Structure formats: structure tokens, C-alpha cells
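Before any comments, here is the structure.
In the text below, chain A, chain B and the rest are named by the order of the sequence lines, each starting its count at 1. All of these numbers come straight from a predicted model, not from anything done at the bench.
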Number of protein chains: 2
Amino acid sequence: MNPESMDNVFQALASSVRRQILDIVQSRPGCNVSYVCRYFDVSRIAVMKHLNVLENAGLLITEKQGRTRCLYFNAAPIQTIYERWTTEYSSLWAGRLTEFKRQLEEPRKVNRD
Amino acid sequence: MNPESMDNVFQALASSVRRQILDIVQSRPGCNVSYVCRYFDVSRIAVMKHLNVLENAGLLITEKQGRTRCLYFNAAPIQTIYERWTTEYSSLWAGRLTEFKRQLEEPRKVNRD
DNA sequence: AAAATACGTAACCTAAAGGTTACTTATGAA
DNA sequence: TTCATAAGTAACCTTTAGGTTACGTATTTT
């Protein structure tokens with residue numbers, strides 16, 4: 001997973017509305033756009049933009065059936081990030097804030113992600 | 001953890017530069033602003049803004065000593081989110097995309113977070 | 001004391017996020 | 001066939017994000 005798509009996933013999750021949308025779709029796999037819209041006070045276009053952000057991040061899968069767009073939640077990106085971060089920050093996720101002082105003698109450009 | 005601060009954490013993590021900063025500070029607990037700046041090509045002010053975003057999300061702790069600002073990584077917010085999401089989406093994080101179709105008879109305002 | 005260093009604040013600029021309304025298009029139902 | 005419904009596109013607006021330069025202030029260092 002490249003840093004760009006990691007950005008997309010975190011960015012997508014950084015909105016309460018979008019996290020709610022994930023909840024809704026998860027509880028109703030295959031539901032359509034109008035169904036999701038009923039839960040919110042904002043316009044359908046605004047909801048569609050949120051859906052597109054989520055789809056772009058890979059958190060939603062779309063399947064067009066006739067005139068309706070069926071929505072499915074995809075947990076894979078979250079799992080990937082979780083696995084990645086548990087490896088890199090394993091001690092931290094485990095709950096211990098270890099003061100692991102790696103000897104970094106001279107600053108250099110970091111190339112993470 | 002309220003949805004607002006959850007937003008802040010995800011938002012803070014949605015930037016490759018900021019994730020790199022976390023790496024740097026984690027590898028050098030107590031380092032100062034200038035030290036972090038050496039890793040990036042952007043201005044010091046830009047880096048400071050990133051640091052403030054991270055601090056606001058609770059991912060960085062700051063301790064002023066004389067004229068220097070000492071930086072420490074704080075994993076607590078990440079742990080909280082992890083625990084929260086593993087509870088809510090446990091089956092998903094576990095790797096099985098279960099088609100758990102909860103019977104949601106009539107749409108209503110969702111109040112998650 | 002003078003100079004260099006570390007940080008902070010203010011004002012500004014550009015691009016992106018997140019919302020709106022208006023209009024189109026395609027499909028399903030009567 | 002007509003009408004209602006589901007979705008998409010375009011153009012626009014306002015706020016926020018992320019960067020800049022210029023300037024100010026406190027604390028070390030020489």
C-alpha cells in the first residue's frame with residue numbers, strides 16, 4: 001500500500017459522516033445511494049461526494065444494477081493499514097509506550113510509506 | 001473518545017509528512033522542532049503547523065524547556081481508536097467480510113460516535 | 001554585551017474540501 | 001407511453017488546509 005492510498009483511507013475516515021455511512025452500508029450490504037441519503041440532512045449530491053471519497057479509498061465497493069448503484073463495505077484497506085501499523089508500531093499498539101531510542105546519528109531524508 | 005477528536009486523529013494521520021514526523025519523534029523522543037525540520041524541504045512554519053495538528057490530535061506531547069520545545073510521541077489516541085474499531089467492526093478486522101444483514105426496518109438518524 | 005539560535009505570531013496566497021442548485025440521463029412502474 | 005425514481009454532471013460558493021515571507025521574542029553561546 002503506497003502512501004498516497006494510505007492518505008486516502010485516513011482522509012476518508014476523518015469524517016464522522018463518512019464513518020456513519022460505512023456503518024449504514026455495513027448493516028445493509030447492497031443498499032443504494034437513496035437509502036444512505038435518508039439518514040442525513042445534507043443534499044444527495046453531498047452524500048454522493050462522500051460515497052465517492054469512500055469508494056476512492058477502497059472502503060466502498062460499487063456495483064451498478066439497472067439504474068441503482070449497490071454499495072458494499074470493504075474492510076480490506078483498514079486491515080492493510082492495521083497490519084502495517086501493528087508491524088511498525090507493534091510495541092505501541094500493544095499498549096506500552098516504550099522509549100525505544102534508536103541511535104540516529106545524522107538526520108537524513110526519511111523514506112517511509 | 002468523541003467523534004470530533006476521532007476526526008482529529010484520522011485527519012492528522014491522513015498526511016504522509018505528519019506520519020513521517022511521528023516516526024522521527026518516536027525514534028528520537030524529546031527532540032525539538034528544529035531537529036524535525038531538518039528532515040523536510042518545507043519551511044519551519046509549515047512543519048510547526050503539522051506539529052500543531054499532531055499535538056491537537058493528541059499524537060504529540062510537548063514540553064517546553066528553556067527556548068526549546070521537546071516533542072514526544074503519544075500512541076494513546078491510536079490505541080483508543082483501534083480498540084473502539086476492533087469492538088465495532090471486530091469481525092471485519094479479523095478478516096472475514098461477514099454479510100451480517102441486520103434487520104433495519106425503517107431508516108432513522110444514526111447516532112454513532 | 002553581542003550574536004546566534006529556537007520558537008512563535010501575523011498576514012497573506014492558492015488549492016482543495018464540502019456544501020449548494022440546476023439540469024441531464026437512464027431505467028422502472030402505471 | 002407517460003411518469004416517477006435513481007443516479008450523474010456542471011457550475012458555483014465558502015471555508016479550511018497547507019504553504020509562504022516578514023517580523024518579534026526569549027534564551028543560549030561566545
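- Contact check for B/I78 versus B/F73: side-chain heavy atoms found under the 4.5 Å cut-off.
- Residues B/L71 and B/T62 approach most closely at CD2-OG1, 3.7 Å, considering heavy atoms.
- Whole-Å rounding puts the B/Y35 OH to C/dC7 C1' distance at 19 Å.
- The distance from atom CZ of A/R38 to atom C1' of D/dT5 is 12 Å, rounded to the nearest whole Å.
- Residues B/I81 and B/L22 fall within the same hydrophobic cluster, defined by Ile, Leu, Val, Met, Phe, Trp and Tyr side chains chained together at heavy-atom separations under 4.5 Å.
- For the segment residues 52-62 of chain B, the set of residues with a heavy atom within less than 4.0 Å of an atom of DNA chain C is empty.
- Residues A/Q20 and A/F40 meet the side-chain proximity criterion, which asks for heavy atoms closer than 4.5 Å.
- The side chain of A/S34 contributes an N or O atom lying less than 4.0 Å from OP1 or OP2 of D/dA7.
- The shortest heavy-atom contact between B/A12 and B/L59 is CB-CD1, 3.9 Å.
- Distance, B/D7 CG to C/dA17 C1': 13 Å, rounded to whole Å.
- Look at CZ on A/R69: it is 16 Å from C1' on C/dT25, rounded to the nearest Å.
- Below 30°, between 30° and 60°, or above 60°: for B/Y82 and A/Y82 the angle between ring planes is below 30°, a parallel geometry.
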Contact pattern, 5' to 3', of nucleotides 19-30 of chain D - B, S or - by protein heavy atom under 4.0 Å: BBBB----BS--
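- With sequence neighbours excluded, the residues forming a side-chain contact (heavy atoms from CB on, under 4.5 Å) with A/N56 are A/N8, listed by chain and number.
- Atom-to-atom, NZ of A/K64 to C1' of D/dA6 comes out at 8 Å; the value is rounded to the nearest Å.
- Counting to the nearest Å, the P atom of D/dA7 and the CE atom of A/M48 are 9 Å from each other.
- In terms of modelled atom types and a separation under 3.5 Å, the side chain of B/R18 and the main chain of B/L13 share no donor-acceptor contact.
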